[in-house]
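Following: one structure in structure tokens, then a few remarks.
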Amino acid sequence: MIQHFADAFATLSQLHVFGALLIGILLGYFVGALPGMTSSMGMALLIPVTFNMDPISAIVMLVAIYMAADYAASIPAILVNAPGQPAAAVTALEGYPMFQAGRGAEALSLSISSSAIGALMSVVFLVVTAQAMVTVALSFGPAEYFALAVFGLSLVAALSTGNMIATLMGLFFGLLVVTIGIDRISGSMRFVWTDQMIDGIPFVPAMIGLFALSEVLSLAERDASSGVARIKGGLKAVMPWRILGKNKVNLLRSGVMGYVVGVIPGAGSAIASLVSYAVAKRASKDPERFGHGAEEGLIASETANNASVSGSLAPMLALGVPGSASAAILIGALTIHGLQPGPLLFQRNPEIPYAIFASLLVGVPIMFLLGFFGGRLWIRLTMIPSSVLSAAVVAICIVGAYASSNSMYGVYLAVIFGVAGYGFRKIGVHPGPIVLALVLGELLESNFRRAVQVSGGNYFVFFQSPIAVALLLVAVVSLLAPLMRRRVWRRDARS
Amino acid sequence: MSSRRDRNGITSSARKAPVSDDEETKIWHFAIPVFLLIMAAGFFAASWGIDDYGTDRVSPRIFPRVFAILLGGSAVFFMLVPLLNAGGGVGIRGFVTGEKRALGSALVLFAIVVTIFFTGFYPATFLGLVLLLLIGGNRKPHVLIGAPVLILLFVFVVFDSLLQIPLPEWGGGG
């Protein structure tokens, strides 16, 4: 392990890899600081840029975008009450009132400091737990992988914040779409109407459509301008040692919670922030201050949000199951570069996971410095009108979708998925569940069929492995829990 | 309805606050499940055309059929729930202003894709971006012309020259 780390740091010290890390952090800040742009959207847009790069530089850059964008989303949340992504909405609850009270500099400093602490803490958890998960995952057979896919999909449905039936529709849409193309087990063609469909629906144009173009359409229906921050009290960077010192327990608790929630497939940073914020409020001696500029709330949200980034990478690296939509895009990027995430990645290509660990360890301090001293620069980005931003995104989407397949087929698909993604957004389904279905669909079907094939047609093979049984049980419980909860609420309301 | 322009050239009508979710989503709650139901039915019907060589215990037709049934079933359920809750008779509200802008933008996206075939990337995207900015409420000529020029210049420098990523040409070639 130490040797792998030494190699990873040596790789990171190479100019082109370190350059990719720096560019990734800058791009991540750019993406995150623009209201309406999310880390997953930025990553989907920039995957084509990595086509000509070596796998390590490509993955390091994408991970840096993910990490920095997740932090930078708090900048517009604090300054213009326009969270860059759902997780930052919780930050806005406390950050914006602080800004309005002339404590903008303090809010931004607290936000970047707690983000950096959460991110660093979670990298350590990632290094330790990913290895442990790999050890367990190496004993997995098809039955366990099938159960794992069911577990991941059930959590996506159960953790959805909107209408559960709508989310299930999104999941089934993704699962049906993923059956298009040649069947890898039997070699049969399924729903192949053109030659280009033989390999199935390519991941990159689908991502570009679902995340970027659908967001462009959503932005088109909203207010055409973006807010302009009126800075009260200046933005001189001041390290908030005193407040951080008072929140040691809050920082530790939020970091652990953020990481654990991040590990759960489909949970993502929004739920990590929300859960951590709720616990911080419950633990606070002064809960009435929450919603009016409470530092504890801001710290809890930002620490958990950034800790969940590393959390979502653990199942991705160890099991090949994404912890979030952005991790799903990373899986797509790894596949494009000929790498298969999962336990074997640690055996066959250990340089990849260790480069990710090293880039997170080196990237977090750089992200902190850029955020701490570059506040004024990032604020300028919140002033770009959303219509101009949308136009730029459209141009980059066309280039990216075309480059992914070197044909207009990718562009057609991106536009179709963009319109479909917009339609899904209108019924309350975020692209996340659809993307996770696109990633987990293949895992689900191929492992089910392999397990039945290997066992000689025994459909009870899934109940003969304790791990598979446990995962399937948790999946059933997580699907039924929201229904039960709703029934209890209705009964309470009636009584 | 009078509409004023601000310093960014954005009309005040474009700034109008969106209406509530309840009002603006009704047509989508009908259109999207109907589309998904048709898609599920189409995939289910097409699954009979999948070759089954009989070598596998689980036919390659099974999973597409299961997913199609689940998608169709959830779409029907999604449409029925408001009807059941309301005791029948739910009105369908048309598109609101913001949604019309979004649908107009979607049409522009399709138009760009078609035009690229005849003109290549740069002219088609330039025209498309101008239209998108117009739909976004921009009216100032320097924004309408300047922003697309700068964006395409960025694409040319970064993607075309530096990264040497192929761009679509007329006739569908790269």
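Please read these numbers as outputs of a predicted model, since none were measured by experiment. To find a chain, count down the sequence lines: A is the first, B the second, and so on, and within it residues start at 1.
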Out of [options], return the one with the most heavy atom pairs under 4.5 angstrom to chain B.
options	result
A:Met53, A:Met189, A:Glu445	A:Glu445
A:Ala391, A:Gly400, A:Ala420	A:Ala391
A:Val192, A:Leu444, A:Val415, A:Ile416	A:Val415

Inset, instruction - Applying ring pair (Phe, Tyr, Trp, His ring centres under 6.0 Å), name anything that partners B:Phe63, two or more places apart in sequence or on another chain. - result: A:Phe448, B:Phe67
Legend entry - Options B:Ala68, B:Ser74, B:Ser59, B:Gly42, ranked by heavy-atom pairs under 4.5 Å with chain A, top entry: B:Ser74
Inset, instruction - Using a cut-off of under 4.5 Å on heavy-atom pairs, state which of B:Leu103, B:Leu129, B:Ile112 scores highest against chain A. - result: B:Leu129
Would you indicate whether the side-chain heavy atoms of [Y] and [X] approach each other to under 4.5 Å?
X	Y	result
A:Leu168	B:Phe77	no
A:Tyr402	B:Ile116	no
A:Phe172	B:Leu36	no
A:Val177	B:Met39	yes

Inset, instruction - Begin with the C-alpha distance, continue with both residues' side-chain angles, and end with the deciding distance and a verdict on side-chain contact (heavy atoms from CB on, under 4.5 Å) for A:Met408 and B:Val113. - result: CA-CA 8 Å; A:Met408 283 301 286; B:Val113 171; 4.1 Å; yes
Legend entry - Lys/Arg N to Asp/Glu carboxylate O, A:Lys426 vs B:Glu99, below 4.0 Å: yes
Report which part of [X] has an atom under 4.5 Å of a heavy atom belonging to chain B: side chain, backbone, both, or neither.
X	result
A:Val216	neither
A:Ser186	both
A:Met169	both
A:Val419	side chain

Find the distance between [atom1] ([X]) and [atom2] ([Y]) and round it off to the nearest 0.5 Å.
X	Y	atom1	atom2	value
A:Ser387	B:Leu133	OG	CG	5.5 Å
B:Phe30	A:Ile427	CZ	CD1	13.5 Å
B:Arg101	A:Leu219	CZ	CG	11.0 Å

Legend entry - Plane angle bin for B:Phe43 and A:Trp193 - parallel if under 30°, tilted between 30 and 60°, otherwise perpendicular: perpendicular
Interface moiety of [X] toward chain A, non-hydrogen atoms closer than 4.5 Å:
X	value
B:Ser105	both
B:Leu71	both
B:Ile62	neither
B:Ala46	both
B:Ile32	side chain
B:Leu70	both

Inset, instruction - Output yes when a side-chain donor or acceptor of A:Arg190 lies under 3.5 Å from a complementary backbone atom of B:Pro60, and no otherwise. - result: yes
Inset, instruction - Examine distances only and state if a side-chain atom of A:Ser188 and a backbone atom of B:Asp51 form a donor-acceptor pair shorter than 3.5 Å. - result: yes
Legend entry - Pair A:Tyr422 and B:Trp28, ring centroids less than 6.0 Å apart: yes
Legend entry - Residue pair A:Leu217, B:Leu109: steps toward the side-chain contact (heavy atoms from CB on, under 4.5 Å) verdict: CA-CA 10 Å; A:Leu217 298 179; B:Leu109 292 180; 4.2 Å; yes
Legend entry - Criterion side-chain contact (heavy atoms from CB on, under 4.5 Å) against A:Val394, the qualifying member of B:Val108, B:Thr125, B:Leu132, B:Ile151: B:Leu132
